[in-house]
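These notes concern the structure reproduced below.
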Amino acid sequence: MSLINVTVDGAQRSVEADQRPTQIFAEDKEIVVCKINGALKDLWTDLVDGDVVEGISISSPEGLSVLRHSTAHVMAQAVQQVFAQTRLGIGPPITDGFYYDFDPQNPFNPDDLEKIESAMRKIVKDGQRFKRRVTTEADALKELAHEPYKCELIGIKGGGTDETSVEVGGTELTIYDNLGRDGQPVWSDLCRGPHLPSTKHIPAFKLMRSAAAYWRGSEKNPMLQRIYGTAWPSQDELNAYLELLAEAEKRDHRRLGQELDLFSFPEEIGSGLAVFHPKGGIIRRAMEDYSRKRHEEENYDFVYSPHLTKAALFQKSGHLDWYSEGMYPPMILDEELHADGTVRRAGQQYYMKPMNCPFHNLIFQSRQRSYRELPLRLFEFGTVYRYEKSGVLHGITRARGFTQDDAHIYCTKEQMPAELDSLLTFVLNLLRDYGLQDFYLELSTRNPEKSVGEDSDWEEATEALRKAALAQGLETVLDEGGAAFYGPKISVQAKDAIGRTWQMSTIQVDFQLPQRFELEFAAADGSRQRPVMIHRALFGSIERFFGVLTEHYSGAFPPWLAPVQVVGIPVAEAFADYLSDAIKKMKAAGIRAELDSSDDRMQKKVRNAQMQKVPYMIIAGEEDMNSGAVSFRYRNGEQKNGVPIADAIAEILATISQRTQV
RNA sequence: GCCCCCCUAGCUCAGUCGGUAGAGCGUUUCCAUGGUAAGGAAAAGGUCACCAGUUCGAUUCUGGUGGGGGGCUCCA
């Protein structure tokens, strides 16, 4: 057997010509796939003289993708084993896992998933080899004649999107055969690969859920059944992932909203419409009060506008043309009908407002404006109603009625760059004040197909946004062509305590509305000029931000936001009066303090306060009473005994005013 | 909006293969007076989401409506 020279992980080596990476990396079980001359390949790939080979670990991003993709194959095989008449869609790896779309005889139910999972375990145990086979379009179409979706993919080979490219991307059309113990194919799938060497290289996986998904993501296409799964390099990592999910579930704002008595969605009101309970109300008010204060400091003017308007306003703004699907249907007032039900006198149509901007424009327009007034910043906690599709509603973060911390800034073109810059600083600092620390920015630029406004305006505004973003020193992701048709925008993405990202604030330049409303101001030279309009919301919506903070803090709000800041717990009833005095002093100092005077035992009171995530428990017994002190029990279980009442009050007030977490 | 799943006491959930229901927590009352995450007892509390259909009889089966969950799509 002749020798060939290859480079393995940077080192020159001579190997037998029939050696494959699977043998070269045999001693390292972590290596499940490799790069040959920079391209990701199966370990079974034949090598030729001069190849540069690099082992890829199962734990690397590429290795994980291959693991998950191969697990998706195993799942597809299992599904066709258990449900023979099932047709295959596509099955790509995704963040933390994979999915595969199927067209089954009947939709899957949870029992089916268990059956599929155990079939998968058998396939994994079998150690079936993934064998790549190059085919031609004609052969593939013949071989896969019973798989209509696969045939469709063959037709679009090369031009596929990210997802379909997993199946048919690249220059060659390939099929992967799973070989059984006897070396004969037991199952095959159209696939670009690469794959793990064999199914036994799947260390840990779990099927998560089944759901429906439109074929190739379009509402017009048939609906397939998608099964989501996850796969990891080790059982430990799988367990850690499942724990993270459990943790996320524990912090779910919908659950905490119930447990902490913050808000609810009474069925009588309607889907997506929340009521805030007293405790939720306190948090919300604290959020709003602080925001209001900061807006005052930033020279915003506070305005109010009604929740309803005649149709004319939204005709003028254009919302009825391009947003009517998102609006509640009109109320028709003063309509007069003939006896037969036909209209004798047309009524007046009123709409619930889905946006505040048209109202603010009317305020701008209510009199002649001078350049001396600019930038004019009109702020409102504006409650809007949007008829969101029922399937998108999600607790308080995606509701049908919600309140935006909305402002519209009218300024000159010259003022725009400085305004955007200071605005972004304001936004980020405010979010930091609420406890979010980790941000990145997303800059959405023009989609030339779908936009209004002058090229030069777009360039100027985009450039101003880009500079403002750059000045923050934060990672900025470009969302090419992602802007709304009326202007470019920056959105602030924030990471929460367990690393999930939430889109928070948006800053949006608008070239359309000033035109439609013919907004003008008198410039220094006496000419009439059109102002630049900037839409911005920092929380997005108060409800949504409330939900994000609830999940971020897992319900353990920092004292300045906590609905109850202090619970007083007497060791026994005999000390209740003493502690009651201390609590009164705290209340007088502006602290939200309550005495637990129930006849529970103190242990139970501690437990209750702990479960309500109250920041401070103030306990008093004989020792404390004799020395005019109280004892702290903090949320983390730590305690501090014998603190003079005045010191205790000072400590609590300090964390409230500094908005620190405890 | 689409697909699948769910709706039983204030909350979290059992249960009834069709004969109108249970637990724990919570609530109320009583007894206990207790130094850091559940003291004890009793009581109250349900048109089994709603409306139809099938049936001698429906919380249970079927259909519809409402609400919720997971996804898809959407989120200007």
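Because only heavy atoms are used, hydrogens play no part in the values below, and waters and symmetry mates are left out as well, while side chains stay in. Just so we're on the same page: letters track the sequence lines, and every chain starts at 1.
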Treating primed atoms plus P, OP1 and OP2 as sugar-phosphate and everything else as base, which nucleotides of nucleotides 61-76 of chain B get B, S or - for protein heavy atoms under 4.0 Å?
-----BSSSBBBBBBB

Rounded distance in Å between the P positions of B/C17 and B/U54:
24 Å

Separation of A/N636 atom CG from B/A37 atom C1', in whole Å?
14 Å

Does B/A32 have its OP1 or OP2 closer than 4.0 Å to a side-chain nitrogen or oxygen of A/K604?
no

Between B/C4 atom P and A/Q225 atom CD, what is the distance in whole Å?
7 Å

Assert: residue with more 5' nearest nucleotide on RNA chain B, out of A/M617 and A/Q258, is A/Q258

What's the CZ-C1' distance between A/F102 and B/C4, to the nearest Å?
15 Å

Provide, to the nearest angstrom, the distance between the CD atom belonging to A/Q603 and the C1' atom belonging to B/G39.
9 Å

Rounded to whole Å, please give me the gap between CD1 in A/I569 and C1' in B/A38.
13 Å

Taking the six-membered ring of A/Y385 as reference, does the cationic atom of A/R400 (NZ for Lys, CZ for Arg) lie under 6.0 Å from its centre and within 45° of its axis?
no

Using only atom types and a distance under 3.5 Å, with no angle test, would you say the side chain of A/K605 pairs donor to acceptor with the backbone of A/V567?
no

Whole-Å distance between B/C25 P and A/D600 CG?
12 Å

Look at atom CD of A/E259 and say whether more than 12 heavy atoms of other residues, nucleotides or ligands are closer to it than 6.0 Å.
yes

Is a donor on one side and an acceptor on the other found under 3.5 Å between the side chain of A/D479 and the backbone of A/E442?
no

Count the heavy atoms of every other residue, nucleotide or ligand shown that sit under 6.0 Å from CD of A/E518, and state whether that count exceeds 12.
no

With rounding to the closest Å, how many angstrom separate the C1' atoms on B/C48 and B/A9?
10 Å

B/C72 to B/U65 separation - P atoms, rounded to the nearest Å:
25 Å

Would the number of heavy atoms belonging to other residues, nucleotides or ligands and lying under 6.0 Å from NZ of A/K495 be above 12?
no

Heavy atoms under 4.0 Å, any strand shown: does A/Q639 hit a base, just sugar-phosphate, or nothing?
base

Is the number of heavy atoms from other residues, nucleotides or ligands within 6.0 Å of OH (A/Y323) greater than 12?
yes

Determine the contact category for A/D624: base if any of its heavy atoms lies under 4.0 Å from a base atom, sugar-phosphate if only primed atoms, P, OP1 or OP2 are that close, otherwise nothing.
base

Write down the distance between CZ (A/R607) and P (B/C25), rounded to a whole number of angstrom.
10 Å

Output yes when A/R530 and A/E454 qualify as a salt bridge under the 4.0 Å nitrogen-oxygen rule, no when they do not.
no

Between B/G63 and B/G71, how far is it from one P atom to the other, in whole Å?
26 Å

Mapping A/Y387 and A/M625 onto RNA chain B by nearest heavy atom, which one lands closer to the 5' end?
A/Y387

In B/S/- notation (B base, S sugar-phosphate only, - none; protein heavy atoms under 4.0 Å), nucleotides 40-46 of chain B written 5' to 3' is -------

Counting the benzene-type ring for Trp, do A/F108 and A/F83 have ring centres under 6.0 Å apart?
yes

State whether the distance check finds a donor on one side and an acceptor on the other, under 3.5 Å, for side chain A/E573 versus base B/U33.
yes

In terms of the angle between their ring planes, are A/Y616 and A/Y634 parallel, tilted or perpendicular, with boundaries placed at 30° and 60°?
perpendicular

Please check the phosphate of B/A37 (OP1 and OP2 only) for any side-chain N or O of A/R633 closer than 4.0 Å.
yes

